[in-house]
Amino acid sequence: MQYKVAIIGAGPAGYFAAQALQNLQNEDRTFAIDLIERLPTPWGLVRSGVAPDHPKIKTVAKVFEKIAADPNFRLFANVEIGAEITVAQLAEKYDAVVIATGSSLGKKLGIAGEDLYGSMSAADFVPWYNAHPDFADLEVPLNCGTAVVIGAGNVAMDVARMLALDPSELDSTDTADHAIDAFKRSTVRDVYISARRGPEHAAFTSPELRELAKLEHTNVIIAREDIEEAISRAGDAPKKEVKSNLDAMALLADNEKTSHDRTMHFLFQHTPKEILGSNLVEGIVYSTPKGEVTIKCGLVITAIGYHAASIDGVYDENGKVINVEGRVKDNIYVVGWAKRGPSGVIGTNKSDAAAVMELLISDLKSPKSNGNITDLLSNQRVVDQSGWQRINLAEIAAGDPLGKPRVKIVNYSELVTAALKRI
Ligand code: NAP
């Protein structure tokens, strides 16, 4: 018997859900999978989230393309669910619907000055430098001397590193052309990354900390005293990850001092209190154990976590889809960040999706025979798998003479044109 499954969202969680279903096929049970994506391009955060100077992380895209090569897999990109086509309509046509739409909105600090020009979320800044078509026109004021990044997770680390590295290091990457130009014109030379708690609570991971020592044109400053205090607070038997992080930070603190003109500074126990400025960001005030501290800056980027954008009213107030172990209601399921919130690395989605697909299979009844998404499409210019492959090849070909993995097409209509272009 063949069952039809629609997966909404072509990021890592969506692909790993498809892969789990493919792996769970047997002589009696196969799956016809339709992967639906709002953008004309798939791969989700692997395309628009992962930092461009981390190309190794993006090699997981090869796994996605292998999943997509299955004859029972179809891609419907450039199709938005929730506007013209609803989740309920899909649930009626398919044996199961899997929501894999992630968490795309940045959490807010809720402090004065957060809406000033020059204050923005990593949820906007990261897709801007990664050529996401919705963020190409974002105005990022890089004409100041100092930028501040709030948060002590890997997203904050990516953002701070992108601001603090020498932009020539991005020439061989797939950073959006508009962002490379802007970084080359940038006058930012000091980047502060601030954590509201001590180093022992930082959510960075140690490989990301260790690689900072390899930045060729950037000083990295961590106060030795902050790390020593954290080591003593963490006690005799800190968790493995905490120890590994503290070791990595101690190495950075001990690093021989360099005198590049770009510097990344770590601040701990700095809780943001207010962003200063009348029209533009002019500074930020922190509460610290030693009293208030003000840093003059022209750009503040918050990287304090994400919540999900609502689709068809299925999200709860915490920015996740209401679910019990991935079951939403009827034949609707959820995987990835939309299910569990914005945590874990790309690979975390593999086991997470596999567990939910097991549940989905245990709920299956007799296969439905009342059509699929093609009955619901009207004016959408669908980018299918071969259309996406044309975009992919065009981008790779454009990058080749420049020594880049690809030059991303940024504009919606240019993406759709590239998808339709026969070579
Ligand atoms: P995260 O790891 O949850 O870090 C969020 C940070 O924001 C925490 O340090 C948190 O501090 C801080 N924060 C939250 N609310 C705050 C507030 N009101 N004021 C000040 N600070 C606040 O989230 P993320 O950095 O967005 O990353 C999401 C996931 O993607 C993580 O699992 C991450 O590891 C993963 N990721 C991995 C990579 C990689 O592998 N290279 C790259 C990017 C992202 P508290 O702890 O004090 O709440």
Side-chain angles (χ1 to χ4, degrees), residues 11-13 44-60 102-114 119-127 129-130 148-162 173 192-212 214 226 230 233-234 239 241-242 244-245 248-249 266-275 284-289 293 295 300-308 318-320 336-352:
L45 284 182
V46 169
R47 182 174 166 97
S48 60
V50 172
D53 61 338
H54 281 169
K56 266 197 201 150
I57 298 180
K58 300 188 194 209
T59 54
V60 68
S103 311
S104 57
L105 305 176
K107 283 192 182 151
K108 294 273 221 175
L109 285 167
I111 60 171
E114 203 173 4
S119 159
M120 64 184 70
S121 168
D124 296 349
F125 181 68
V126 171
Y129 65 61
N130 275 325
V148 167
V149 183
I150 298 169
N154 283 333
V155 171
M157 175 79 90
D158 283 347
V159 166
R161 200 180 60 252
M162 288 295 288
T173 70
Y192 288 84
I193 178 165
S194 71
R196 61 178 169 180
R197 298 194 284 161
E200 72 278 25
H201 297 293
F204 310 127
T205 47
S206 61
E208 277 62 32
L209 284 163
R210 285 176 204 279
E211 87 175 335
L212 290 180
K214 295 181 202 144
D226 285 344
R233 284 192 301 265
K239 277 193 191 157
E241 311 84 72
V242 173
S244 181
N245 263 4
M249 288 191 244
F266 282 78
L267 298 174
F268 293 100
Q269 302 190 78
H270 276 58
T271 303
K273 199 174 165 208
E274 184 184 355
I275 299 175
I284 178 162
V285 183
Y286 288 102
S287 309
T288 79
V293 169
I295 293 180
V300 172
I301 301 184
T302 41
I304 59 169
Y306 296 83
H307 56 92
N318 296 321
K320 289 188 271 184
W337 280 9
K339 168 187 171 238
R340 60 176 200 277
S343 67
V345 292
I346 291 167
T348 313
N349 294 299
K350 193 169 173 171
S351 50
D352 178 278

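Start at 1 and go down the list; that is how both ligands and their atoms are numbered. Predicted, not measured: the structure shown is a model, and the values here were computed from it.
Under the 30°/60° scheme for interplanar angles, the aromatic rings of His270 and Tyr286 are found to stand perpendicular. Ring planes of Phe266 and Phe268: parallel class, angle under 30° (limits at 30 and 60°).
Smallest separation of non-hydrogen atoms from Ser103 and Trp337: OG-CB, 3.4 Å.
Residues Gln269 and Thr288 fail the side-chain proximity criterion, which asks for heavy atoms closer than 4.5 Å. You'll find the side chain of Phe204 reaches within 4.5 Å of the side chain of Ile193, heavy atoms only. Side chains of Thr205 and Glu241 form no contact here, defined as non-hydrogen atoms less than 4.5 Å apart. Looking at Ile150 and Arg196, their side chains never come closer than 4.5 Å, going by heavy atoms from C-beta outward. Using a 4.5 Å cut-off on side-chain heavy atoms (C-beta onward), Glu114 and Ser121 make no contact. You'll find the side chain of Asp158 reaches within 4.5 Å of the side chain of His54, heavy atoms only. For the pair Asn130/Pro52, a side-chain contact is recorded, criterion being any heavy-atom separation below 4.5 Å from C-beta on. Within the 4.5 Å cutoff, side-chain heavy atoms of Leu212 are placed close to those of Met157.
Ranking protein heavy atoms by distance to atom 22 (C) of ligand 1, first place goes to Ile304 CG2, 3.4 Å. The protein non-hydrogen atom at the shortest distance from atom 4 (O) of ligand 1 is Gly153 CA, 3.6 Å. Annotation: atom 19 (N) of ligand 1 to nearest protein heavy atom, Leu109 CD2, 3.5 Å. Shortest contact from atom 20 (C) of ligand 1 to any protein heavy atom: Arg196 CD, 3.6 Å. Residue, atom and distance of the protein heavy atom nearest to atom 35 (C) of ligand 1 are Gly344 O, 3.6 Å.
The nearest non-hydrogen atom to atom 37 (C) of ligand 1, considering only Asn154, Ile346, Thr302, comes from Asn154. In the candidate list Gly347, Ala152, Ala156, Ala152 is nearest to atom 8 (C) of ligand 1, counting heavy atoms.
In terms of polar-atom proximity, defined here as any N/O pair under 3.5 Å, Arg197 does make such a contact with ligand 1. For ligand 1, the polar-atom distance check against Val155 finds a nitrogen or oxygen pair separated by under 3.5 Å. For ligand 1, the polar-atom distance check against His201 finds no nitrogen or oxygen pair separated by under 3.5 Å.
Looking at Asn245, its side chain never comes within 3.5 Å of a backbone N or O of Val242 through a donor-acceptor pair.
Listed by number with element, the atoms of ligand 1 under 4.0 Å from a non-hydrogen atom of Glu208 are 39 (C), 40 (O), 41 (N). Residue Tyr306 has at least one heavy-atom neighbour below 4.0 Å for each of these atoms of ligand 1: 26 (O). The ligand atoms of ligand 1 that sit less than 4.0 angstrom from a heavy atom of Ser343 are 32 (O). Against a heavy-atom cut-off of under 4.0 Å, Ala203 is close to the following atoms of ligand 1: 2 (O), 4 (O). Those atoms of ligand 1 with a heavy atom of Asp158 less than 4.0 angstrom away are 42 (C), 43 (C). The Pro342 neighbourhood of ligand 1 comprises atoms 28 (C), 29 (C), with distances under 4.0 Å to a heavy atom of that residue.
Within the 4.0 Å heavy-atom shell around ligand 1 one does not find Ala195. The closest approach between Trp337 and ligand 1 falls below 4.0 Å for a heavy atom of the residue.
Atom 15 (N) of ligand 1 lies below 4.0 Å from at least one non-hydrogen atom of the protein. By the definition of a contact as any protein heavy atom under 4.0 Å away, atom 28 (C) of ligand 1 is in contact.
Lys58 NZ: more than 12 foreign heavy atoms inside a 6.0 Å radius.
When heavy-atom distances to ligand 1 are checked against a 4.0 Å cut-off, Ala303 comes that close only through its backbone atoms N, CA, C and O.
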